[in-house]
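Down below is the structure, laid out as structure tokens.
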Amino acid sequence: MSNPQTPPAGMRAVTKKSALPIYAAGVVWLVWALLFPLYSLTHYALCLALSLAAFFLLGKVIPDTVTYEPIPLQATGDDEADALLQTGAGHLQRISATAAQIENPAIRQKADKLGGTCQRIFDYVRQNPKSARSLRKFLNYYLPTLQKLLTTYELMEEQGVEGENITASKARISEMLDTMDQAFEKQLDALFGDTALDIDTDITVMEGMLAQEGLTENGKMPGAEQQDIRLEL
């Protein structure tokens, strides 16, 4: 389903090594002890070499197991923001799990993109807890609706038929995912409104200070042009 190298939004990949190479090395020692002597260092060296060969050979043949687990949430210190982020993380995990079961790669891609935008929204709120209050509708309506749409699409895929109603509904869901993608990106952009305002204020103040000090091209102190002319002469 989803690319195992790209964890779903809100999840992290956990790689686990197989225990079979270790068991294989132990079996080599057991079989040797039953069939061959272990009376000298040479015997032990040969058995050790065979067990290491079995260990490394199986280690290369047997692939690692990749699983996903929720990314631990860091408390912001704001109880309301933490509660909203916890709710959002739960929605996002269910959305990612449902999307992973959908067979249509185009729909999975749209769902993954929406999940990525959601994760960036949550990351912003985690850094700016006061902005969480503006996300109540986003968390309490938009994300549950996205979950419902994906669940419905998965259910329709499972029917294995392309009747008129199923085909039309799947097409509408696909179109709605595109609409929600634009809406979620606008939601993320809106969160940066206060940040943009703060930056504009900082830039305006800095420009004024530099102009007062005569450190900008358009803000030279009186007489600066005459001084430049004399220096050129």
Side-chain angles (χ1 to χ4, degrees), residues 1-76 82-83 85-120 122-123 126 143-144 146-162 166 170 173 177:
M1 293 295 180
S2 297
N3 186 347
Q5 296 181 350
T6 305
M11 308 287 280
R12 65 180 178 182
V14 178
T15 302
K16 295 182 179 180
K17 297 287 186 180
S18 173
L20 287 178
I22 298 176
Y23 296 149
V27 169
V28 169
W29 282 94
L30 179 61
V31 172
W32 185 285
L34 292 174
L35 301 178
F36 304 102
L38 281 172
Y39 301 145
S40 65
L41 290 177
T42 302
H43 297 153
Y44 281 98
L46 290 173
C47 186
L48 177 61
L50 288 175
S51 65
L52 288 176
F55 176 82
F56 288 111
L57 179 61
L58 286 181
K60 289 182 176 296
V61 173
I62 300 175
D64 298 336
T65 301
V66 179
T67 59
Y68 300 117
E69 64 180 25
I71 298 175
L73 297 179
Q74 298 179 350
T76 65
D82 289 340
L85 286 172
Q86 188 69 41
T87 299
H91 286 311
L92 196 55
Q93 290 167 22
R94 289 187 289 273
I95 288 169
S96 297
T98 303
Q101 301 303 317
I102 293 176
E103 296 180 1
N104 188 328
I107 298 299
R108 287 204 313 272
Q109 185 176 8
K110 292 179 181 182
D112 290 342
K113 188 171 185 292
L114 283 163
T117 303
C118 290
Q119 187 60 55
R120 290 193 292 275
F122 297 155
D123 290 342
R126 194 168 289 110
L143 289 189
L146 174 58
Q147 167 68 37
K148 182 178 180 180
L149 291 175
L150 294 175
T151 300
T152 302
Y153 195 97
E154 180 192 7
L155 177 62
M156 290 181 175
E157 276 191 336
E158 291 177 349
Q159 306 314 306
V161 298
E162 289 294 333
I166 290 178
K170 288 167 67 176
I173 291 175
L177 293 181

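- For CG of L41, the number of neighbouring non-hydrogen atoms (other residues, nucleotides, ligands) closer than 6.0 Å is 12 at most.
- Screening residues 17-43 for salt bridge (charged side-chain N to carboxylate O under 4.0 Å, His left out), with sequence neighbours left out, gives K17-D64.
- Side-chain polar atoms of D82 and Q86 form no donor-acceptor pair below 3.5 angstrom.
- L46 contributes atom CG, which lies 10.0 Å from atom CG of L38 (distance to the nearest 0.5 angstrom).
- Residues passing the side-chain contact (heavy atoms from CB on, under 4.5 Å) test with V27, sequence neighbours excluded: V31.
- The side-chain contact (heavy atoms from CB on, under 4.5 Å) check on E157 picks up I102, E103, N104, Y153, K170, with sequence neighbours excluded.
- In this structure, the side-chain contact (heavy atoms from CB on, under 4.5 Å) partners of K113, at least two apart in sequence or on a different chain, are D181, E185.
- Closest approach of A100 to R108, counting heavy atoms only: O-CD, 4.4 Å.
- Taken from OG1 in T87 to CG in L92, the straight-line distance is 12.5 Å, to the nearest 0.5 Å.
- One finds the CG atom of L150 at 8.0 Å from the CD1 atom of I107 (value rounded to the nearest 0.5 Å).
- Evaluation of the side-chain contact (heavy atoms from CB on, under 4.5 Å) rule for L155 yields E158, Q159 as partners, not counting sequence neighbours.
- Here R120 does not pair with D123 in a salt bridge; the nearest charged N to carboxylate O distance is not below 4.0 Å.
- Atom-to-atom distance recorded for I173:CD1 and K110:NZ is 11.0 Å, nearest 0.5 angstrom.
- Shown here are the side-chain hydrogen bond (donor to acceptor under 3.5 Å, both in side chains) partners of Q147, two or more places apart in sequence or in another chain: T98, T151.
- Here ring-ring contact (aromatic ring centres under 6.0 Å, His included) pairs that include residues 36-59, with residues two or more places apart or in two chains, are W32-F36.
- The heavy-atom pair separating L143 from I95 by the smallest distance is O-CD1, 3.8 Å.
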Listed pairs under 3.5 Å, donor-acceptor, residues 47-54 side chains, sequence neighbours left out:
residue: S51; atom: OG; partner: W29; partner atom: NE1; Å: 3.2
residue: S51; atom: OG; partner: C47; partner atom: O; Å: 3.3
residue: S51; atom: OG; partner: L48; partner atom: O; Å: 2.8

